[in-house]
There are 2 protein chains.
Amino acid sequence: MTASIKDVAKAAGVSPATVSRALGKGPVSEALRAQVLEAVRATGYRPNLAARRLRSQETGTVGLVVADIGNPFFTGVARAVEEAAYQAGLRVILCNTDEDPEREAIYLRLMQEERVTGLILAPTLVTAERLARQPLAMPVVLIDRPGPPGRYDSVLLDNAAASAALVDHLVAQGCRRIAGVFGRTSGTGVERAAGYRAAMARHGLDAREEFALPQVAAAEAALAALLAGPARPEAVIASNSLLLMGLLQAIRAAGLRIPEDLALAGFDNESWTGLVEPGLTVIEQPLQEIGRVAMSLLFDRLRTPEAPVRKVMLGGRCVVRGSTARRAMAALP
Amino acid sequence: MTASIKDVAKAAGVSPATVSRALGKGPVSEALRAQVLEAVRATGYRPNLAARRLRSQETGTVGLVVADIGNPFFTGVARAVEEAAYQAGLRVILCNTDEDPEREAIYLRLMQEERVTGLILAPTLVTAERLARQPLAMPVVLIDRPGPPGRYDSVLLDNAAASAALVDHLVAQGCRRIAGVFGRTSGTGVERAAGYRAAMARHGLDAREEFALPQVAAAEAALAALLAGPARPEAVIASNSLLLMGLLQAIRAAGLRIPEDLALAGFDNESWTGLVEPGLTVIEQPLQEIGRVAMSLLFDRLRTPEAPVRKVMLGGRCVVRGSTARRAMAALP
DNA sequence: CTGAAAGCGCTTACAG
DNA sequence: CTGAAAGCGCTTACAG
């Protein structure tokens, strides 16, 4: 069926070893190389990567395991990872876990069976905890979400600073009753909640937190809980874009005006956040940079396996829009 | 380093063949199977997929090559493909070409070298044409975009019907000068333009077409061209969501009201189209179904390679929103 | 620079 | 049911 290296060798009148060298980096005379390339063309030969990997014990493959490839955050990071991998002559296997720890486990096992050179992983909370007990037997860089402290290289948003930036901004706009709705499947939600709490305390304000699944419907329930409470909030922060979208819909459905009745802010500068009325104030993450740094950490780790663990924290950018505008907000009591 | 099947065999006191059978489907006594599983646990053995694939000549892998994984259309289809593959015990290699024919060529070559069982492909126009001259040496199902006629199984939106539905709807709302902005990198844009043209002709109306790269900036230029023309359109149709977003921004930037000054409609029911003001009228595609049908066509093809080529056309759903509301539109001349 | 040979880690006829 | 042996398609020391 498909031509093998033997067929090419026969067609070129050389040994399989010479074909291999001509197509790889081995030393071959120009004359033979030309013969080989001609034979490759004639036979339509394509190397069998399974055989190459088995023999060379190098897969030239990076695994990228993310929670939700439909999330523009991960799409953006994936692009950067793919670009860096391409530059380095590596392939990327992209796996989407849908925030499901079971799928995560399946894919992590698969990555081992594929013998990937290294892995870039955005783990759920469940898997982050399992990683503490059952370390992965390959070089891993964590992105977006914290894992067990001090075990793996990682590149994260400075979540404490980002949450603080949102709180500071809202306080500057005159808000005092600021609530937060945080995703509960990832360590990121936990970190952003902690940052929010710390910032609120710094301002001498009471924190009011809800934890929710990263789903539109869950955000609606969270808003209902907040509105039902004693001191109705003047502003709400969402820790991810799905929750932000859910809150926006729920606030509209409740007939409340943004920002007059309720200011709204969140994470991730997705294009729709700038298209809705009013535009939503968000923390923009440096997607490209996260992907680039993750690959760079991975390459460093492969080069020097015993180097100390590195944790890189990147700053976000606060994009201010109408959803937190001061002049439009109701006067404080 | 990593345990091989020999290590497991030694630990279990059996031959490598028995280990292989115990982990696969071969006939093994219950006693030996238990010993093997215990040895697997003890050694932390994970099969080497490269070796398995080389020996069995089956990769158990489906390639999915899409133009833009950041596009919710492809994300949705990819989910369905992945789900169907998972059910069938297959893996999916996801490749993102960014509408770049060169990257497409690289990935198609890679899919051959990976010896994928089959391929699901959404080709650019350039690659669709190349496919006519250089057929792919593996089972392929085309999705979303047409290829060379009669060569490959495919599952497509009924683009003519979808375009007609938009035109009919706009005509029913009282529009007559309906323009269209179509993506020019894919066969889909071409098909939707043809459907638009046919529907306009059926109504006795003049077609007014612009072709643009699927980018926000290109949509702005297209709108400028339309507005600069002699008979300013009352409505514009966008053939994909990036163009739709670009048109929305450009119309707003031009200070025009939707739908009073210009009605707007397009393809793909992305969440933001329902969140903006006014909501945008769009054709919703059956993403799940496209992915499921594609995999089913692929499986059929693998089973019966000589069966006649099949082309499945799925209907879209017209989601009517405020951007094409009649009462709000200006009176006709 | 070139070829013959070994071997990567599996699976699978082939005997028993 | 079980084991010994062959071989998938490559690459890479090893000689020359």
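Just so it is clear: chains get the letters A, B, ... in the order the sequence lines come, proteins before strands, and each one is counted from 1.
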Heavy atoms from C-beta onward define the side chain here; which of D/dT11, C/dT2, D/dG7 lies closest to that of A/Pro27?
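Minimum distance to the A/Pro27 side chain belongs to C/dT2.
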Counting side-chain heavy atoms from CB outward, which of D/dG9, C/dC10, D/dT2 is closest to A/Ala51?
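Selected nucleotide (nearest to the side chain): D/dG9.
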For the pair made of [atom1] in [X] and [atom2] in [N], what is the distance, rounded to whole Å?
X        : N      : atom1 : atom2 : value
A/Leu49  : D/dC10 : CG    : P     : 9 Å
B/Arg53  : C/dC10 : CZ    : C1'   : 12 Å
B/Glu58  : C/dT11 : CD    : C1'   : 11 Å
A/Gln35  : C/dT2  : CD    : P     : 9 Å
B/Arg52  : C/dT11 : CZ    : C1'   : 9 Å
B/Lys10  : C/dC10 : NZ    : P     : 14 Å
B/Gln112 : D/dG9  : CD    : P     : 16 Å
A/Glu113 : C/dC8  : CD    : C1'   : 17 Å

Thinking salt bridges, do B/Arg303 and B/Asp300 make one under a 4.0 Å N-O criterion?
yes
Base partner of C/dA13, which must satisfy Watson-Crick or wobble distances under 3.5 Å:
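Across any shown strand, C/dA13 pairs with none.
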What does C/dA4 pair with, Watson-Crick or G-U, if both distances are under 3.5 Å?
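C/dA4 is unpaired by these criteria.
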Rounding to the closest angstrom, what is the interatomic distance between [N] and [M] at atom [atom1]?
N      : M      : atom1 : result
D/dA6  : D/dT2  : P     : 23 Å
C/dC14 : C/dC10 : P     : 24 Å
C/dA13 : C/dG9  : P     : 23 Å
C/dA5  : C/dC1  : P     : 23 Å

Tell me if the side-chain of B/Arg21 makes a donor-acceptor pair with the base of D/dG3, cut-off 3.5 Å, by modelled atom types.
yes
Going through the distances and angles, do A/Glu99 and A/Arg184 end up as a salt bridge (Lys or Arg N to Asp or Glu O under 4.0 Å)?
CA-CA 11 Å; A/Glu99 304 277 2; A/Arg184 73 170 180 221; over 6 Å; no
Got more than 12 heavy atoms from elsewhere within 6.0 Å of CD, B/Gln87?
yes
Around atom CD of A/Glu102, are there more than 12 heavy atoms from other residues, nucleotides or ligands closer than 6.0 Å?
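Open: at most 12 neighbouring heavy atoms sit under 6.0 Å from CD of A/Glu102.
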Tell me whether the side-chain N/O atoms of B/Ser56 come closer than 4.0 Å to OP1 or OP2 in C/dT12.
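For B/Ser56, the contact criterion (side-chain N or O under 4.0 Å from OP1 or OP2 of C/dT12) is not met.
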Check whether any side-chain nitrogen or oxygen of A/Gln57 sits under 4.0 Å from OP1 or OP2 of C/dG9, and answer yes or no.
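Checking A/Gln57 against C/dG9: at least one side-chain N or O falls below 4.0 Å of OP1 or OP2.
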Let me know, please, whether B/Leu54 or B/Gly13 comes out on the 5' side of the other along DNA chain D by nearest nucleotide.
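With B/Leu54 and B/Gly13 compared, the 5'-side residue is B/Gly13.
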Contact class for [X] (heavy atom, under 4.0 Å): base, sugar-phosphate, or nothing?
X       : answer
B/Ser4  : sugar-phosphate
A/Thr18 : sugar-phosphate
B/Leu32 : sugar-phosphate

Are B/Thr2 and B/Arg46 side-chain neighbours, meaning at least one heavy-atom pair lies under 4.5 Å?
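When only atoms from C-beta onward are counted, B/Arg46 and B/Thr2 do not touch, as no gap falls below 4.5 Å.
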Does a side chain donor of either B/Glu104 or B/Thr124 reach within less than 3.5 Å of an acceptor in the other side chain?
yes
Using the closest heavy atom to pick a nucleotide of DNA chain C for each, name whichever of B/Lys25 or B/Ala50 lands nearer the 5' end.
B/Ala50
